[in-house]
Amino acid sequence: QVQLDESGGGLVQTGDSLRLSCVASGRTFSTYAMGWFRQAPGKGREFLAAIRWSVSRTYYADSVQGRFTISKDLNKNVVYLQMNSLRPEDTAVYYCAARESYSSVMYDDPWEYWGQGTQVTVSS
């Protein structure tokens, strides 16, 4: 089992930046990748970004490429999502996830472990 604990959400204004953190604990040695997703009210889950746990490889959704950056600190078992130039349409609950299975694209299932989510609200 892997436990994930997100933090860093909040209320910001259009154009602001925010950094989300996700601390992983438990059986992290079996982790293939970590990722960030979001879900806005009335919408489905959206893949944002992923990072391989053991090598330097990142993946991004087209919708956030160039604005969001995923990174990791293996010494602390933490994954970050740096979000810049935030827009009202970025308002959502943001989730951290971990997967143990291989993927060439990362936006596919399964993502076996999920955090509880952190709310990000961007005001206009």
Side-chain angles (χ1 to χ4, degrees):
Q1 291 283 338
V2 175
Q3 292 78 44
L4 304 172
D5 186 19
E6 306 107 328
S7 61
L11 173 63
V12 297
Q13 294 184 333
T14 298
D16 284 352
S17 297
L18 206 57
R19 190 178 77 162
L20 306 182
S21 300
C22 174
V23 179
S25 60
R27 203 177 66 176
T28 58
F29 61 85
S30 63
T31 299
Y32 177 77
M34 299 280 290
W36 287 96
F37 294 75
R38 69 185 177 190
Q39 187 163 17
K43 296 187 177 181
R45 187 184 73 190
E46 179 186 11
F47 168 80
L48 300 176
I51 187 165
R52 288 277 303 276
W53 200 236
S54 59
V55 299
S56 297
R57 179 81 165 89
T58 56
Y59 307 76
Y60 292 96
D62 290 342
S63 59
V64 302
Q65 178 81 47
R67 289 196 303 131
F68 291 8
T69 303
I70 190 170
S71 62
K72 63 187 179 184
D73 184 335
L74 292 178
N75 291 327
K76 299 179 180 179
N77 278 352
V78 178
V79 172
Y80 303 100
L81 186 68
Q82 177 68 43
M83 304 185 294
N84 298 329
S85 302
L86 285 164
R87 308 162 180 166
E89 52 265 38
D90 293 317
T91 295
V93 178
Y94 284 68
Y95 296 92
C96 174
R99 68 184 297 151
E100 297 179 339
S101 54
Y102 167 82
S103 173
S104 63
V105 294
M106 293 298 181
Y107 52 75
D108 58 337
D109 289 325
W111 286 84
E112 290 90 346
Y113 306 104
W114 294 85
Q116 79 286 354
T118 184
Q119 176 71 45
V120 172
T121 303
V122 185
S123 64
S124 57

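Quantities reported herein were computed from a predicted structural model and do not represent experimental measurements.
Between the CD atom in E46 and the OH atom in Y95 there is a gap of 13.5 Å [rounded to 0.5 Å]. Expressed to the nearest 0.5 Å, how far OG1 of T14 lies from CG of L86 amounts to 8.5 Å. With values rounded to the nearest 0.5 angstrom, W111 atom CH2 is found 9.5 Å from Y32 atom OH. Rounded to the nearest 0.5 angstrom, S63 OG and F47 CZ are separated by 9.5 Å. Residue Q82 holds its CD atom at 9.0 Å from CG of L20, rounded to the nearest 0.5 Å. Here the CG atom belonging to L48 is positioned 9.0 Å from the CD1 atom belonging to I70, to the nearest 0.5 angstrom.
In the hydrophobic clustering of this structure, W36 does not group with Y59; members are Ile, Leu, Val, Met, Phe, Trp, Tyr whose side-chain heavy atoms approach within less than 4.5 Å, directly or through other members. V78 and V55 fall into different hydrophobic clusters, where Ile, Leu, Val, Met, Phe, Trp and Tyr are joined by side-chain heavy atoms under 4.5 Å apart, directly or via other members. Cluster annotation: Y94 and M106 are assigned to distinct hydrophobic clusters (Ile/Leu/Val/Met/Phe/Trp/Tyr, side-chain heavy-atom contacts under 4.5 Å, transitive). In the hydrophobic cluster analysis, where Ile, Leu, Val, Met, Phe, Trp and Tyr join through side-chain heavy atoms closer than 4.5 angstrom, L74 is grouped together with V79.
Checked by atom type and distance alone, the side chain of E100 never pairs as donor or acceptor with a backbone atom of E112 at under 3.5 Å.
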Verdict with supporting geometry, V12 and M83, side chain to side chain contact (heavy atoms under 4.5 Å, CB included): CA-CA 11 Å; V12 297; M83 304 185 294; over 6 Å; no

Residues E89, V122; criterion side chain to side chain contact (heavy atoms under 4.5 Å, CB included); working and verdict: CA-CA 8 Å; E89 52 265 38; V122 185; over 6 Å; no

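Alongside L11, the hydrophobic cluster contains no other residue (criterion: ILVMFWY side chains under 4.5 Å).
If you run side-chain contact (heavy atoms from CB on, under 4.5 Å) between M34 and each of V2, I51, T28, only I51 comes through. Of the options W114, Y107, F68, a ring-ring contact (aromatic ring centres under 6.0 Å, His included) to F37 is made by W114 and by none of the others.
The two atoms that bring N77 and W53 nearest to each other are OD1-CZ2, 3.6 Å, heavy atoms only. For the pair T91 and A40, the tightest heavy-atom approach, listed with the atom from each and the gap, is O-CB, 3.6 Å. In terms of heavy-atom proximity, R27 sits nearest to S30 at O-OG, 2.9 Å. In terms of heavy atoms, Q119 sits closest to A92 at NE2-O, 3.4 Å. Across all their heavy atoms, Q39 and K43 have their closest contact at NE2-O, 2.9 Å. Listed here is the closest heavy atom pair of S124 and P88: CB-CG, 3.9 Å.
Looking at heavy atoms from C-beta onward, L4 lies out of side-chain contact with Q116 at the 4.5 angstrom threshold. A heavy-atom distance below 4.5 Å is found between the side chains of S54 and R52.
Checked against salt bridge (charged side-chain N to carboxylate O under 4.0 Å, His left out), D108 has the following partners two or more places apart in sequence or in another chain: R99.
Enclosure of atom CD in Q13 is not indicated, since only 12 or fewer non-hydrogen atoms of other residues, nucleotides or ligands lie within 6.0 angstrom.
Sorted by first and then second residue, the pairs that involve residues 59-124 and meet disulfide (SG to SG under 2.5 Å), not counting sequence neighbours, are C22-C96.
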